[in-house]
There are 2 protein chains.
Amino acid sequence: MRKDSIIIADDHPLLLKGLSDFLSEKNYNLIGQGNDGREAYNLIAKLSPDIAILDIQMPYLSGIEIAKKCQSNHLKTKIVLITFHKERELYHQAQELNIFGYILKDFALEEIENCIKTVSDGKRFFSPKIMELLSLKPKQNDELDHLTPSEKKILKLIANDKTNKEIASLLFISHRTVEKHRSNIINKLNLEQKTNSLLIWAKEHQNQLH
Amino acid sequence: MRKDSIIIADDHPLLLKGLSDFLSEKNYNLIGQGNDGREAYNLIAKLSPDIAILDIQMPYLSGIEIAKKCQSNHLKTKIVLITFHKERELYHQAQELNIFGYILKDFALEEIENCIKTVSDGKRFFSPKIMELLSLKPKQNDELDHLTPSEKKILKLIANDKTNKEIASLLFISHRTVEKHRSNIINKLNLEQKTNSLLIWAKEHQNQLH
DNA sequence: AAATAAATACGTAGTAACACGTAATTTTAG
DNA sequence: CTAAAATTACGTGTTACTACGTATTTATTT
């Protein structure tokens, strides 16, 4: 049984060692490892492995940026990302990029084997655990989905400390229009009528405003 | 040379494996490992190792909670925490608890050896990297120290989404007084004159308002 | 006891945000 | 092509926050 060639990269030495040792012990065909995004991409370009297991956050290049670069350069390496938080965005990006799965920090080692096996077969791997978490959260984002593109854009700018007038000149519209948008957003989000409730909401949900 | 006995615990299998393999290879006296806080504490109680290297965030018991429990039960095991973010709080807690050092996720493996060696000698280990980060930030907190107790209290309430009038009735003072305090705070913090700059500042520095 | 700092409070005035309504224009979708 | 949705814009009025000055009453400190 010929095993797929694999490279790995992570900027956390301990994690890299854990993964490296694990793959070696299990006799995977580990052909390279890197400590940051740049090294990882170079390894992929040079060795064109079947699978690259990459940390999502690395210096110079993130795992996602590497995935994008691979795609635009028509590299067929299948990307598996390691992440410490369950990020729903990944699931969506996975469809567009060559991201075939992701490994959560608290995965059992067997699950990692499952992941590699599935990806090796050319299928995408998203564990039940992740799917569960992905289907739990959308309740909050429902509200966000009701917003129109303009409203979302304005919400983002509010979260970035912009005043109405600043937003207005950034978007080349009247500041009165921005006010109207704010008003509509407040209605759609069902915010309590209180001063600055929108700013507060925007600040607290900034991370969900991708 | 007799090496100190060590136990380790982490709920991230990969990291646990990395650390475990590393210590074994380097011939440290690794006598046990656990997958969560409860297991970790039981190991400490049963084996009373010289050193326990613990993840800071684990199910059931956090690394810090374990340190506290050890202290109240007069267990002399020296605690080293593994953390993914540089947390300044740790440095202060280390003084009170039996926390002898901490390992950052992006530590090189040599630095981990340094840490264990230092702790083994009964000294506390805080790497230059950490001290640097700890000494860089207080500049911001300097400003906070200029604030009077009342001003800090009000700042906290602002960060908790309270309006002037709400703050006023909470503190049994006039809302005009609150306004004056706000004004003074803005001056002391040198905030740019922009709508809601104080609220924005309070939101962004909420964590520093202990 | 005197000086200093902090907390309290108000006057006046300007700006930003919010509420609610109306309405024209443009885009999108069926 | 037509209906619906989204974007644009304004009128009018209210409330909250901000700026700056003044001033009295409490602590705190020397």
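Fair warning: this is a prediction, and the values are worked out from it, not measured in the lab. Every chain is numbered from 1, with letters handed out A, B, ... down the list of sequences.
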Engineer: Identify whether NZ of Lys or CZ of Arg in B:Lys17 sits under 6.0 Å from the centre of the six-membered ring of A:Phe22 and within 45° of that ring's axis.
Structural biologist: no
Engineer: Take the protein atom CD1 of B:Ile154 and the nucleotide atom P of C:dA6, then report the distance between them rounded to whole Å.
Structural biologist: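 Computing the B:Ile154:CD1 to C:dA6:P distance gives 14 Å.
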Engineer: Atom CD1 of B:Ile167 and atom P of C:dA9: how far apart are they, to the nearest Å?
Structural biologist: 14 Å
Engineer: Whole angstrom is fine here: how far is it from CG in B:Leu171 over to P in C:dA6?
Structural biologist: 18 Å
Engineer: Could you walk me through whether B:Tyr60 and B:Asp11 satisfy the side chain to side chain donor-acceptor pair (under 3.5 Å) test, starting with their C-alpha distance in whole Å, then the side-chain angles of each, then the deciding distance to 0.1 Å, before giving a yes or no?
Structural biologist: CA-CA 11 Å; B:Tyr60 307 122; B:Asp11 59 325; over 6 Å; no
Engineer: With rounding to the nearest 0.5 Å, note down the distance linking CG in A:Asn187 to CZ in A:Arg182.
Structural biologist: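 Between atom CG of A:Asn187 and atom CZ of A:Arg182 there are 13.5 Å.
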Engineer: Using whole Å, what does the distance between atom P of nucleotide C:dA16 and atom CG of A:Asp161 come to?
Structural biologist: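 In whole Å, C:dA16 P and A:Asp161 CG are 16 Å from each other.
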Engineer: Would you compute the distance between atom OG of B:Ser197 and atom CD of B:Glu192 and round it to the nearest 0.5 angstrom?
Structural biologist: 6.5 Å
Engineer: Are B:Glu65 and B:Lys68 ion-paired here, with the side-chain N under 4.0 Å from a carboxylate O?
Structural biologist: no
Engineer: Other residues, nucleotides and ligands only: do more than 12 of their heavy atoms fall within 6.0 Å of NZ on B:Lys153?
Structural biologist: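 Incorrect, the count does not exceed 12.
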Engineer: Angle between the two end axes of the helix from C:dA1-D:dT30 to C:dG30-D:dC1, five base pairs per end, rounded to 10 degrees?
Structural biologist: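 About 60°, once rounded to a multiple of 10°.
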Engineer: Find the distance B:Ile185:CD1 to C:dA6:C1' and express it as a whole number of Å.
Structural biologist: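 Spelled out: CD1 on B:Ile185 to C1' on C:dA6 is 13 Å.
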Engineer: Mind checking if A:His181 touches a base, just sugar-phosphate, or nothing, with heavy atoms under 4.0 Å?
Structural biologist: base
Engineer: Using 0.5 Å steps for rounding, measure from the CG atom of B:Leu19 to the CG atom of A:Leu15.
Structural biologist: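 Going from CG on B:Leu19 over to CG on A:Leu15, the span is 11.0 Å.
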Engineer: Any side-chain N or O of B:Ser150 less than 4.0 Å from the OP1 or OP2 oxygen of C:dA7?
Structural biologist: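 Answer yes for this pair, as a side-chain N or O of B:Ser150 is under 4.0 Å from OP1 or OP2.
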Engineer: For A:Ile173 and D:dA6, what is the distance between atoms CD1 and P respectively, to the nearest whole Å?
Structural biologist: 16 Å
Engineer: What string of B, S and - do you get for nucleotides 16-22 of chain D, 5' to 3', if B is base contact, S is sugar-phosphate-only contact and - is no contact with any protein heavy atom under 4.0 Å?
Structural biologist: SSBB-BB
Engineer: Establish, with yes or no, whether the OP1 or OP2 oxygen of D:dT8 is under 4.0 angstrom from a side-chain nitrogen or oxygen of A:Thr177.
Structural biologist: no
Engineer: Taking the six-membered ring of B:Phe100 as reference, does the NZ or CZ atom of B:Lys123 fall below 6.0 Å from its centre and within a 45° cone about the axis?
Structural biologist: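 No - B:Lys123 does not lie over the ring of B:Phe100 by the 6.0 Å and 45° rule.
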Engineer: Let me know the distance between CZ of A:Phe172 and P of D:dT7, rounded to the nearest Å.
Structural biologist: 17 Å
Engineer: From CG of B:Asn184 over to P of C:dA7, roughly how many Å is that when rounded to an integer?
Structural biologist: 10 Å
Engineer: Please determine whether a side-chain nitrogen of the Lys or Arg among A:Lys203 and A:Asp161 lies less than 4.0 Å from a carboxylate oxygen of the Asp or Glu.
Structural biologist: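 Salt bridge present between A:Lys203 and A:Asp161.
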